[in-house]
Amino acid sequence: MSKARFLHRRAFLRGVAGVSVGLPLLESIGGGPLQAQEAQPQKRFLSFHSSSGVETDRFWPQIGALSAASFAGRGTEALASYADRILIPRGVHGYPVGTWTGHSEATCQALTAAAHVDTVAQGASIDQVIAKALNPAGREALVVRPGGRDGGVAGFNSISYRAAGQRAEAESNPYRTYRALMGMAPAAPPDPSQPADEAEQRLLAKRQSVIDLVRAEFVELRRLDLSQSDQEKLDMHFQLIRDVEVGMTQNPTAVGCSVDVATTAQLGALDANTVEANANFPSVARLFVKLLGLALACGYTRSAVLQWGAAVAGSPTYTWDGMNHSFRHHPLSHGTTEDFNETMVAGYKDMLFAIDRWNTGEFVKLLDLLDSYDEGGGRSLLDNTLVLYTNEFSHGQGHTTGDLPIVIAGAKGTFQTGKSLLLSGSKADIAGVTGTNGQSHRLLCTVLNAVGVPTERWNGGSELTELRAT
Amino acid sequence: MTRSRNTRTRALAALVALGFCGCTGAVGDGTVAPAAGGASGAPVAGSPSNGGSSRGGTNTGGTSSVVPAAGALSNGGADTGGAGKAPAPSVDEFDVDPSTAADGVPVASRVLRLGYADYDRTVADLLHLPVKRSTDFPAEQPNLGPYEDLGARRVSEPLQNEYVLSAEALAAELATNAAAFNQVVGCATANTACRDSFIDAFGKQAYRRPLTESEKTRYRTLFDRGPELVASGDALKDGVRLVVEAVLQSPNFLYRIEAGRGVSDAQGALLTDYEIAVRLSYLFWGTLPDRELLLAADGGKLSTAAGIVEQAKRLAASPRVVDRVLDFHERWLQLDDLSGVSKDPAKFPLFSAGLVSSMVEETRRFVEEVTLTQNGGVRSLLTAPIGFVNDDLARLYGLNGSFGPGLQRVEFDGSTQRLGILTQAAFLSGHSSATTRTSPILRGVFVLRRLACLDIPPPPPGAEMQEPEQPSAQPLRTTREYFTWKTSMSQCATCHTVINPVGFAFEKFDAIGQLRSLEADAPVDASGTLGLPDGDIVFDGARELVTELAERSRVRACYAKNWLQYAYARKETALDLRTLASLAKGLATDAFGARDVLVSMTQSAAFSHLPIRE
């Protein structure tokens, strides 16, 4: 076995839109201000999606103006510090109407609002649409998920879809995500006998020569008589190789993008065999949060999804930070010990409440991290990122998708903030309302426009302009 | 914990009444509801849609028991490596004379990306280095069936990066490993002759065919830039490093590309001898052709069925075939699902990660013993009364005696109720998703889909939220009683009257496979009837069920179908009928093991011809 696990402090070799970003830098993540990359703030999107609903009796603050006091004693209490910077829309109902009846539907439709066939969404999710519009060619949205998976229903493990019928696998191992972020940074340590700059230049020249050869081979393969799908497969691969070349031949722009020593050590110590184990959920989730901050700050991607655990059989059992539950989140959301049985758990609502409070606390830590990146012009990374909190259900026991739990954070100046706003013509009612104003496809349309992907209609739903800042 | 079913039922009923669930509205959706199955309610078996369902049929493990296959067809839309256009034959049609059955060349991909396991073996063999790089590769969609659809596999950006890093790291490692380096390079002086012989030989192994002149020229040019681009002071090593890096990133290495020889016979365009060598080596060993196979290709000996069968038998006789045989059976049995299983420690103190490893290892040893050592087929898999146990497993099985930490072969007698692979702890635990009880629906669906190849559709949307409005008249003590009640509404019963009894056959084994006669102080009832198109099976317990299943031609045909999907990395088509019929016929004897299955599959038109282009 020779598994190279050299994680050293390096920056990404490639950045946004083919612009290479700087080489070794000293800033560690969350550790201080970074230089602005561009004069214009770049808009970004981050989805935070959890499952099994919330304890609806104690989740939301009152509708109306928000202050820190609005959150006292609620499942969302940790949001108090962001009271004036967030928007909590109420009366958003799952779309397509009438099909959000199970986890299969709720999971695959969360970011697609598309019809589904056998748990597979028949349309792309907005994270991938945003990535396609804003990222360098070929770079998909970064999709990660801490925790275990549902072994039977693959759809519970990722909410991201490249296109109709094409689910994007969520990465569960932060070490592999880190490698993806590192891109072409060498896996082996530099040769200490050679000057760093010279070694770097030689590495790039070597790669260029190899790429030239490989490219010639791809060109020759075009002579083969292949089906369209085979040809597309090779073309897509070829495109990824060409991107490397573009990235290397442009002038790097310095930006601080590296991982601190302690995090590097944590990443290097991860064991692929236990990374999905329940006990590791908090540590793995927090590593993902750090990496997502890095990926968004450093221009690796402008669209990412943090799926806060898989649904149903992959849902976590909360056994940390004061919670000592014996049953997974999913059966608890039904008040039972197993996914499907009738054995009730005494006090399950308090357990759900504790889960909501912990999840919201971690969500706020994510906001704090994004807010710690100064992107210049008086704006933080959070100010430039639309963070969308969603949940597959409102009421987990009833699988209800009426009045879904939604929080919009970040994207400074784009939305009305400091309030919980009931959509006109809708109701804050988990039973759901069939009026068109509150449907989730309209929320997704609104998000697309807010991050700079003009979209008149998303699966038929137009923008909810009443949410936007005036 | 209290039992308050009525409360919850009422709550659910109220939610339904308020329109919260909407589940009843989804019932009867034509895309997912079972076809009307006559008085017995049995789903239509052996319909031409079996090809699609076989893919779905693979996705039944480890999840909530009333949604056995919600993700079943989840990759259907993305399946670009698809099979022929003609409807796939049903397993009912396999019982024909192979000599008159259709044997043709289907539509399929000509560009197969190496799977991760194949990549690892290929790189290790090519470089003589004991490496496994794919652990760092990005997560891919798991396979949904017993086969990996390699034609649908693509290269993502993170994977491309990993290919580059892997190539660089491996080339660097080769340069520091003298033994491997000498084997790979074969000469020691940095001159033109050494360069050229290395490029010719290494390139031929890696590309699995001789290099073209233009390819050779490119590699020679690259090699010569070693002193400039690597600059270690050793020109030979530097040149080799560059060539190895480039070869490992080449599409000709990363894909199995088929172009054909430009000559056709009555059945279609012929593959080259090298392309056939590649098919043989990846089928039997999951890696690149060895020296002997390449020599056979050099000599044009793979252009005939006899030449192919000679090499196939040689490859089958090697111990290297074991990996692939076990890999197939692990996929077929969904043993992967065991990795995610967790059990209530209070109820199952025996259960541990170590026990799970022993369970999997037992089933692996059993499959090797039955299908390779004893040359048996699915009948023996279902009924061989042997096991492999250590102290932990012996305790689980209720065996007396001391076995130590390693697995020992044992013969089971009737009192243990163990008979064949479905009564082993690995199958029983892996098909129990719950932490405290069994999952009879998972077990039942496995038998119906993977052994009987019946078309069991996924449940309709929201099925898990459906529940009879009326509570059961009797208290629901056992798992059987609970699921019987839970699935009793008419819209569920169509399928569940078929699924449930098969799952109940295993109820004398608990969620980790321990024998039991009582559940919650009530006697366990493991009796039932399985309605199959070729006649009902009436059973009391798993032993009776598997004994009868083992005699059914349908089960042999289904096993053959699963094998073919694995071997050809695609769904079966009508043009594969002769191969399927031959396999089913062979399996009817008791001397047709995994090697025979594999060799048979090299004798088809599909195996020796260029796939039809879509």
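Every value quoted in this text rests on a predicted model; they were computed, and no experiment measured them. Per chain, numbering begins at 1; letters A, B, ... match sequence-line order.
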Step-by-step salt bridge (Lys or Arg N to Asp or Glu O under 4.0 Å) determination, A:R207 to B:E168: CA-CA 9 Å; A:R207 282 190 174 154; B:E168 291 173 353; 2.7 Å; yes
Derivation and outcome, salt bridge (Lys or Arg N to Asp or Glu O under 4.0 Å), residues B:R110 and A:D225: CA-CA 9 Å; B:R110 297 174 176 179; A:D225 178 26; 3.7 Å; yes
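Looking at B:R218, its side chain never comes within 3.5 Å of a backbone N or O of A:D212 through a donor-acceptor pair. Of the possible donor and acceptor atoms, none in the side chain of A:R176 sits under 3.5 Å from a partner among the backbone N and O of B:P138. For the pair B:E614 (side chain) and A:S229 (backbone), a donor-acceptor distance under 3.5 Å is absent.
For B:E245 and A:K206, the salt-bridge test passes: some basic side-chain N is under 4.0 Å from an acidic carboxylate O. A salt bridge links B:E162 to A:R179: at least one charged side-chain nitrogen sits closer than 4.0 Å to a carboxylate oxygen.
Heavy-atom pairs under 4.5 Å with chain B were tallied for A:L213, A:V214, A:L224; the largest tally goes to A:L213. If you tally non-hydrogen atom pairs under 4.5 Å between each of B:E140, B:E228, B:R113, B:R241 and chain A, the highest count goes to B:E140. Options B:A346, B:A124, B:A246, B:A353 differ in how many heavy-atom pairs under 4.5 Å they form with chain A, and the most are formed by B:A246. Across A:Q228, A:E220, A:R162, A:E232, the residue that shares the most heavy-atom pairs under 4.5 angstrom with chain B is A:E220. Interface remark: of the candidates B:P158, B:S250, B:A167, B:P611, B:S250 forms the most heavy-atom pairs closer than 4.5 Å to chain A.
Side-chain contact, B:R225 with A:S209: a donor N or O sits under 3.5 Å from an acceptor N or O. Using a 3.5 Å distance cut-off with no hydrogens or angles, the side chains of B:Y482 and A:E338 do not pair a donor with an acceptor. Side-chain atoms of B:S156 and A:E140 include no donor-acceptor pair closer than 3.5 Å.
Only the backbone of A:A168 has a heavy atom closer than 4.5 Å to any heavy atom of chain B.
Once rounded to the nearest 0.5 Å, the distance linking OG1 of B:T436 with CZ of A:F327 reads 8.0 Å. Going from atom CG of B:N252 over to atom CG of A:L221 covers 5.0 Å, rounded to the nearest 0.5 Å. Interatomic distance, CD of B:E157 versus OH of A:Y300, reported as 4.5 Å (0.5 Å rounding).
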